[in-house]
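Single-structure report; data block below.
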Amino acid sequence: MGCGSSQEGANCRFNLITTFQGHSDGINCMALSDNGFILVTAGDDKTGKVWDARYGKGFRRMGELVGHTGYISCILIVGEYILTGSSDKTVRKWDVENNFQSIIVCKGHISLIHRMICTGDFIFTSSFDHTSRCFDFDTGECLRVFKGHKRATYPLVFIPTLDEDDEANEDNEEQSIDTSIGMLVTGSADGTARTWNCDTGRTIKIFKGHKGPITCMATDDSRTLLATGSVDTTVNIWKISSAALLKTCNGHTNTVVCLQLSGHLLYTGSSDGTVREWLYKFGECSAVMKGHTHTVSSVRVETLSEEDAAGHINTKRTVFTGCGDTLVRAYDPDTGRLLRSFSGHEKGITAIKVHRGMLYSASYDGTVKLWHAFQVPIEEPNNNGGTQQIRRSPDEGGRNSQRKKD
């Protein structure tokens with residue numbers, strides 16, 4: 001691990017902390033535990049790698065997930081277990097505390113698994129076989145098959161059962177249907193999204209309006225609105241309870257690949273090489289972040305709290321992007337200005353995560369790189385003749401900017 005080129009050597013001084021190496025082929029997905037201690041990566045070499053990601057602990061490899069016969073497309077960390085979905089049509093459950101053994105294999109799909117989410121009790125999957133499935137987390141038994149889409153199913157969202165007093169339930173036309181488990185939302189290559197009753201496996205509503213496959217989607221904090229991105233270059237905003245189309249966000253000139261909702265704002269990444277910020281309830285674009293020379297594959301919005309010279313805490317949003325041009329970038333969404341680029345990968349970026357000031361980037365080059373996301377700790381002399389750790393932003397030329405501790 002570490003820096004292996006002169007370009008990386010320059011970055012190491014400012015941003016790059018280390019490089020996780022071990023895969024023999026491209027990385028498709030990665031997951032980070034909530035506490036940031038465990039990092040899991042998986043990809044085209046049909047294996048998963050488990051890393052100790054604790055800062056100062058050497059970033060050693062803890063174990064390997066071996067058993068899939070096809071490439072791994074999605075991965076989750078759920079408590080003391082790891083879940084992987086694969087092109088071999090199965091989901092595997094791995095026991096972290098039992099030497100990363102595969103303890104359950106979920107079967108039933110007849111084509112590759114595309115996406116996966118877990119609610120704790122249930123595992124939901126989407127597949128190129130046009131269906132989604134619900135598996136029991138403890139036993140791996142297939143409990144439900146959601147049939148109705150005419151082409152492959154892609155993104156998934158789970159909406160827990162709402163309280164009776166919730167405003168969203170008051171005008172829900174389907175509130176008479178018992179959804180004690182919750183509601184599943186699926187997006188498909190057939191251009192539609194569907195909500196499903198998880199108890200019966202039946203369709204509740206169909207969201208029609210896109211002219212191309214749905215590639216990504218998310219709900220707002222209240223889980224009353226759904227945002228869907230599509231190959232047709234648009235993002236649609238829907239009312240979940242009625243499947244009514246409320247707004248269409250127009251502006252991208254190629255496929256919308258990824259999106260994230262953050263409060264009243266929506267961020268979208270596209271194959272047109274831009275990221276856009278939207279006031280999504282109005283369908284208005286409020287900022288465009290340019291500079292990418294390939295598809296934007298990942299977008300993450302993070303908030304940094306800084307203390308100024310007067311002791312005031314200022315909150316600043318930063319948009320991080322992963323791109324097929326091998327770079328990770330950080331933008332100021334208020335101005336659209338590029339703050340810095342993180343270079344060192346040799347192939348396109350497939351996933352990024354930000355946790356407690358650390359940025360993780362996974363790539364088709366088979367590595368994950370760990371960076372200082374915002375500011376770099378530097379050891380400088382203190383008034384007592386020793387050293388103290390301060391934090392400086394690499395693009396600010398040493399201007400003091402103390403980051404509020406997590």
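Looking at heavy atoms from C-beta onward, Val301 lies out of side-chain contact with Pro333 at the 4.5 angstrom threshold. Side-chain contact check for Lys369 versus Val328: every heavy-atom pair is 4.5 Å or farther apart. Counting heavy atoms from C-beta outward, Ile117 and Leu184 have side chains that approach closer than 4.5 Å. Considering only heavy atoms from C-beta on, Val257 stays 4.5 Å or farther from Thr215 through its side chain.
For the pair Asp334 and Lys316, the salt-bridge criterion is met [side-chain N within less than 4.0 Å of a carboxylate O]. Looking at Asp325 and Arg329, a side-chain N of the basic residue comes within less than 4.0 Å of a carboxylate O on the acidic one, giving a salt bridge.
Under the 3.5 Å distance criterion, with hydrogens and angles disregarded, no donor-acceptor pair is assigned to the side chains of Thr318 and Glu302. For the residue pair Arg194 / Thr203, a side-chain donor-acceptor distance below 3.5 Å is found, with atom types taken as modelled.
Contacts classified as ring pair (Phe, Tyr, Trp, His ring centres under 6.0 Å) and involving residues 206-249 (residues at least two apart or in different chains) are given here: Phe207-Trp238. The side chain to side chain donor-acceptor pair (under 3.5 Å) pairs that include a residue from residues 133-142 are Asp136-Thr139, where partners are two or more places apart or lie in different chains.
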Atom pairs and distances, side-chain donor-acceptor, residues 36-48, under 3.5 Å, sequence neighbours left out:
from  : atom 1 : to    : atom 2 : distance (Å)
Thr41 : OG1    : His23 : NE2    : 2.7
Thr41 : OG1    : Trp51 : NE1    : 3.2
Asp44 : OD1    : Asn28 : ND2    : 2.8
Asp45 : OD1    : His23 : ND1    : 3.4
Asp45 : OD1    : Thr47 : N      : 3.1
Asp45 : OD1    : Thr47 : OG1    : 2.9
Asp45 : OD2    : His23 : ND1    : 2.9
Asp45 : OD2    : Ser24 : N      : 3.2
Asp45 : OD2    : Thr47 : OG1    : 3.3
Thr47 : OG1    : Lys49 : NZ     : 3.4

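Ring geometry for Trp371 versus Phe342: interplanar angle over 60°, hence perpendicular rather than tilted (30 to 60°).
Across every non-hydrogen atom of Ala351 and Ser298, the tightest pair is CA-OG, 3.5 Å.
In summary, the aromatic rings of Tyr267 and Phe320 are positioned with their centroids too far apart to meet the 6.0 Å limit. In summary, the aromatic rings of His149 and Tyr154 are positioned with their centroids too far apart to meet the 6.0 Å limit.
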Q) After noting the C-alpha distance and the side-chain angles of Ile349 and Cys323, does the key distance pass the side-chain contact (heavy atoms from CB on, under 4.5 Å) rule? A) CA-CA 5 Å; Ile349 309 299; Cys323 183; 5.5 Å; no
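At least one cation-pi condition fails for Lys247 and Tyr280: the charged atom is not both under 6.0 angstrom from the six-membered ring centre and inside a 45 degree cone around its axis.
Screening Val235, Val185, Leu261 against Met217 for a side-chain contact (heavy atoms from CB on, under 4.5 Å) leaves a single residue, Val185.
Counting non-hydrogen atoms of neighbouring residues, nucleotides and ligands closer than 6.0 angstrom, the CG atom of Leu279 exceeds 12 such neighbours.
Judged purely by atom type and a 3.5 angstrom limit, Ser188 uses its side chain to pair as donor or acceptor with the backbone of Ala152.
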